Amino acid sequence: MKILTILGARPQFIKAGSVSRQISKYNDIKEVIVHTGQHYDTNMSDIFFDEMKIKKPDYFLGIGGKSHGAMTGQMIEKIEEVAIKENPDFIIVYGDTNSTLAGAIVSSKLHIKLVHIEAGLRSFNMQMPEEVNRILTDRVSNLLFCPTDTAVKNLKNENFPFNTLNFRQEIYKVGDVMQDGAMFYRNFATKPSYDIKSDYILCTIHRAENTDDVKKLTNIFESLNQISKDIQIILPLHPRTKKMLTNLNINTHNLTIIEPVGYLEMVWLIDNCSFVMTDSGGLQKEAYFFKKPCITLRDETEWVELVECGANTLTGANKEKIINAYKNVVKFKDENLPLNLYGGGKASENIVKELLGFMQ
Ligand code: UD1
Ligand code: UDP
């Protein structure tokens, strides 16, 4: 069996690493990895793959830092060339990025079976490019691997699975591949060399809905500045956020702003922080895996079960809500958390078993 895996964003490499480690246990499965180049981080070089114990990509397309249309279009063209050459049995895509959508379109044009890992997630916010990417990808996928019951329910509510004469769809709840990664990399966590106090908040902000809205970005940073009078805030800064902060001359003097960090350092920062504040999808779950509360600077989340169990508080970019959530975070008790919301680290194993079953 030959699999073509399409990756672009850093979290996709982390998740795919777990699946690749499972695939490599089977001599009769060959995986070919395509890196679209979407990720902004220049230090995603050979060292990244060695450090992360991830198979190096077989193809690097070098498509990044462009408008979404240009990026997606160029990816479709290049991925199609690779797919024709490699002629795989399956194309695997992860999550909701432009690279995901590009891979999905290629597979449907070439009639190659499409596997969507992290299927069924919804924010119900159609202004998010990620929401559009994941809905379109789900629709043309043959195997929909859902991380949670909510994701399965979302698909059922949209009348999935769609089965026609020459198109078959199957839905499986397999757990969350990000948990597999978090459990694996915990053993390799690396303390960063920055001056880190014993109590600190780990914060990331990169979503366009926050960075590209002056009012929201200003509210978030005013709140962070206020909170930073009590506790250190460590903020690995995404390039787009950096650009906007500079353009708008927003004050960040009291925050510990650092370059985006490698994942092994990130795991250390999550494992040792007091709590997390973020608009990242992945980090919300990682906070839970490491039993840390999370304040999510968005109006909605795909990970609703974390809000329901009290591990996550949604504040949007509302100053009053952010400050209130910060004041309430001390009441969080990790012993009350449900243990197994995301499959307990078995997602990649489940996925590869189902793939093998699908081929028979
Ligand atoms: C993408 C994903 C997002 C994921 C994130 C994490 C989509 C629609 N979004 O968003 O879901 O969470 O990756 O990996 O696929 N830039 C610079 N300097 C650089 C390089 C890039 O300023 O050196 C800017 C680009 O102009 C762009 C942003 O950084 O504004 C990155 O672009 P993009 O590829 O859209 O990725 P993300 O917004 O990070
Ligand atoms: N991450 C990282 N270094 C950083 C910022 C994020 O290693 O400087 C990791 C983070 O821990 C998570 C993943 O990248 O595993 C999430 O990426 P991001 O927030 O960019 O994307 P999202 O999850 O929102 O798609």
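Both counts, for ligands and for their atoms, begin at 1 and track the order of listing. Quick caveat, the model's predicted, so the values are computed rather than measured.
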- [ ] Under the side-chain hydrogen bond (donor to acceptor under 3.5 Å, both in side chains) rule, what do Y263 and E51 come out as? Steps first, then yes or no, please.
- [x] CA-CA 9 Å; Y263 192 61; E51 248 183 24; over 6 Å; no
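Taking a cutoff of 4.0 Å between a charged side-chain nitrogen and a carboxylate oxygen, R207 and D279 do not qualify as a salt bridge. The pair E158-R122 counts as a salt bridge, with a side-chain nitrogen and a carboxylate oxygen less than 4.0 angstrom apart.
Here atom 10 (C) of ligand 2 lies nearest to E286 when heavy atoms of E286, R298, Q284 are compared.
Residue G282 approaches ligand 2 through these ligand atoms, each under 4.0 Å from one of its heavy atoms: 22 (P), 23 (O). Counting the atoms of ligand 2 from 1 in the order shown, those under 4.0 Å from a heavy atom of S280 are 16 (C), 18 (P), 19 (O), 22 (P), 23 (O), 24 (O). Atoms of ligand 2 lying under 4.0 Å from any heavy atom of H206, numbered from 1 in the order shown and given with element: 18 (P), 19 (O), 20 (O), 21 (O), 24 (O). The contact set between ligand 2 and G281, taken as ligand atoms under 4.0 Å from a residue heavy atom, comprises 22 (P), 23 (O), 24 (O). Near R207, meaning under 4.0 Å from any of its heavy atoms, are these atoms of ligand 2: 22 (P), 24 (O), 25 (O). Close contacts of ligand 2 with P236, meaning ligand atoms under 4.0 Å from a residue heavy atom, involve 8 (O). Of all the atoms in ligand 2, the ones that sit under 4.0 Å from a non-hydrogen atom of P260 are 8 (O).
F221 and I233 fall within a single hydrophobic cluster, where Ile, Leu, Val, Met, Phe, Trp and Tyr are joined by side-chain heavy atoms under 4.5 Å apart, directly or via other members.
When all heavy atoms of I201 and I231 are compared, the closest pair comes out as CD1-CG2, 3.6 Å.
Ligand 2 lies nowhere less than 4.0 angstrom from a heavy atom belonging to E259.
Within the 4.0 Å heavy-atom criterion, the part of M178 lying near ligand 2 is the side chain and not the backbone.
In summary, the aromatic rings of H116 and Y94 are positioned with their centroids too far apart to meet the 6.0 Å limit.
With Q22 contributing its side chain and V352 its backbone, the two residues share no donor-acceptor pair below 3.5 Å.
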